[in-house]
Every structure is written in C-alpha cells, then in structure tokens.
Number of protein chains: 2
Amino acid sequence: MDLGKVFGALADDSRRRVVAELAADPADRERACGSFALPVKKATRTHHFRVLREAGLIVQRDHGNGSAVSLRRGHIERHLPGLLDLLTEELASESEPQPERQSPAPTEAADPATR
Amino acid sequence: MDLGKVFGALADDSRRRVVAELAADPADRERACGSFALPVKKATRTHHFRVLREAGLIVQRDHGNGSAVSLRRGHIERHLPGLLDLLTEELASESEPQPERQSPAPTEAADPATR
DNA sequence: TCCTAGGTACGACTTGCATCGTACCTCATG
DNA sequence: CATGAGGTACGATGCAAGTCGTACCTAGGA
C-alpha cells in the first residue's frame, strides 16, 4: 500500500468522488461503473478506474458487457485507518455548506495560511 | 481546507516526509527549513514548502536570513482528523520493515489487487 | 441477425508539475 | 566591508498525468 500512489489517486476530484460514494454505502454494495456522474468521457473514466485499482482502493469485476466496482474497505481500513472517513465527510459537507452557527464563533479565526 | 490540494501535496515523497517528520514531534517544535534531508536542490525545496503552505499544512516564519516551518497541527486535526497518524506510521515503518511474525499469518492473504 | 450500450486499448494532445540554474536578497561573521 | 550561507523569484526543461477520439470487443435486445 503505497501512500504516494494512494494520495496521488485521491488528489483527483473525479476519483475522490468515486471512492467517497463507495465509502458512503455502509453495505459496501458493488456499483456499476457507469453509475457515477463524472464530467468526463468513457475513455477517461476507464483511466480513472485503472488508477484507483492500481492504488489498491477498489476492485473491478466485469462480465463481458458492463462492469462494476467495489471498495476494498477491509484492505484500506487495515492499512490506512480513518482515511475513508475523511472522504465521506467531504462528500457529506457538499450538501450542507452551513451546519448552523448562532454565535459568530470563527472556526478558523482569520486564517493566515501563509508565512 | 481543500482535500484535492492536501492530497496533491502529500502525494510527493519529499513533501510527505517533511510533514511526517514534523508530525512525529509531539512537542510541535519549529524546524529550520534546511534541517530536512531532501534529495533536491534549494530552489526545489522552496517550491515544496510553498506547496505545503498553500495546502494549509504548515506555516513558515522567516527572519531575513534563514527560515523555519512548523506544523499546523490544530488546523489539520480539526479538519482532517487522523491524517497525520497515517504519515507518522509510514515514517515509523521505514525503520522496522519486519515488526515480528511467529505464525505465518498472512496479513493480506494473496492480494489480487486488481479485477 | 443487426444494432446498440457499456468498456477497453491505443495514440495524440495539452496541461501541470518536479526539477534545476541563475540572479538577487538578507543577515551574520570574519 | 567583503564574503558566504540560507532563501526566494523567475524562467527553462523534461516528464507525467488528464482528457479525448477512434477503433474494437462483448453481451443483450429488437
């Protein structure tokens, strides 16, 4: 399990979304490759699934026509515990940008972010 | 805190090593930029520190001559809990490749890794 | 049987990124 | 003051990666 490959794979928005959606399903159901709404063409989608496979994040099973992917949850949790939680939380926070905040408590307090 | 930027930053070996070494110090001490043994030239090192800054992982403080970096541990743990543990564990496992294993318990059992 | 949907393989193109040389800056030290 | 160490900015370069078109394959349905 190469951290460089894993982070490299998850640096791409489309690939991160695929893993996040798979991780968000507690039943770990297999999903058809075409069931992900990615803003890319077929050939690119195939490429992304290949990168995810080579990073050890998913397994792909194909039946001549059509193919499906599933998350290697056990493998990931064993080697990189907590990683999937980061992805699912990002996916969840896309829907609810503002949880709620009565007091103007600045979560980050004028983030300098740089030197 | 953009996951894409963070993972992109940590996909590089040199940058991941910097963050891992910073994270491995429980006292969160500031470290001189030159104190990291990276196999790159000065200009490249400057570039890497810039990427880490822009990803929100470190802060850099410079005093005319010389400069030092420190980990934004609170910021990271608040937004991406568990991330630093993955890096410190990778750093630790570089030294001890074989922890010990009496029984031939296969941790991964003939990993297919692909379809 | 023909056609279409879903995927893959291959090559081409374009962009981004890691790397470095060079010039320049600032400070401490001799 | 001159020098050198530590950093940054900028431009150049080479390679990797994302994207896509096209051709081809397989299976299922009209």
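The chains referred to below are lettered A, B, ... by the order of the sequence lines, with proteins before strands, and numbering in each begins at 1. The structure displayed is predicted, hence computed values, not measured ones.
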- Message: Just to verify, what does Asn65(B) make a side chain to side chain contact (heavy atoms under 4.5 Å, CB included) with, not counting sequence neighbours?
- Response: none
- Item | Qualifying salt bridge (charged side-chain N to carboxylate O under 4.0 Å, His left out) pairs, either residue in residues 37-46 of chain A, two or more places apart | none
- Go through residues 2-22 of chain B and report each residue with a non-hydrogen atom lying under 4.0 Å from DNA chain C, sorted by number. Asp12(B), Arg15(B)
- Message: Any residue in residues 40-50 of chain A with a heavy atom nearer than 4.0 angstrom to DNA chain C? Just list them by number, or reply none.
- Response: Lys42(A), Ala43(A), Arg45(A), Thr46(A), Arg50(A)
- Query: Can a side chain N or O of Gln60(A) be found less than 4.0 Å away from OP1 or OP2 on dT8(C)?
  - Reply: yes
- For Glu89(A), does the CD atom have more than 12 heavy-atom neighbours from other residues, nucleotides or ligands under 6.0 Å away? no
- Does Leu3(A) reach the side chain of Leu10(B), with side-chain heavy atoms less than 4.5 Å apart? no
- Side-chain touch Arg16(B)/Phe7(A), heavy atoms, less than 4.5 angstrom: yes
From [atom1] of [X] over to [atom2] of [N], roughly how many Å is that when rounded to an integer?
X        : N       : atom1 : atom2 : value
Asp62(A) : dG28(D) : CG    : P     : 13 Å
Asn65(A) : dA5(C)  : CG    : P     : 11 Å
Leu52(B) : dC17(C) : CG    : P     : 14 Å
His63(B) : dG7(D)  : NE2   : P     : 8 Å
Leu38(B) : dG6(D)  : CG    : C1'   : 15 Å

- Message: Quick test of your reading: applying ring-ring contact (aromatic ring centres under 6.0 Å, His included), list the pairs with at least one residue in residues 52-71 of chain A, sequence neighbours left out, ordered by first then second residue.
- Response: none
- Message: Strictly by side chain to side chain donor-acceptor pair (under 3.5 Å), give each pair with a member in residues 27-38 of chain B just once, sequence neighbours left out.
- Response: Glu21(B)-Arg31(B), Asp25(B)-Arg29(B), Asp28(B)-Arg73(B), Glu30(B)-Arg61(B), Arg31(B)-Ser35(B)
- Item | Common cluster, Val51(A)/Ile58(A), ILVMFWY with side-chain heavy-atom separation under 4.5 Å | no
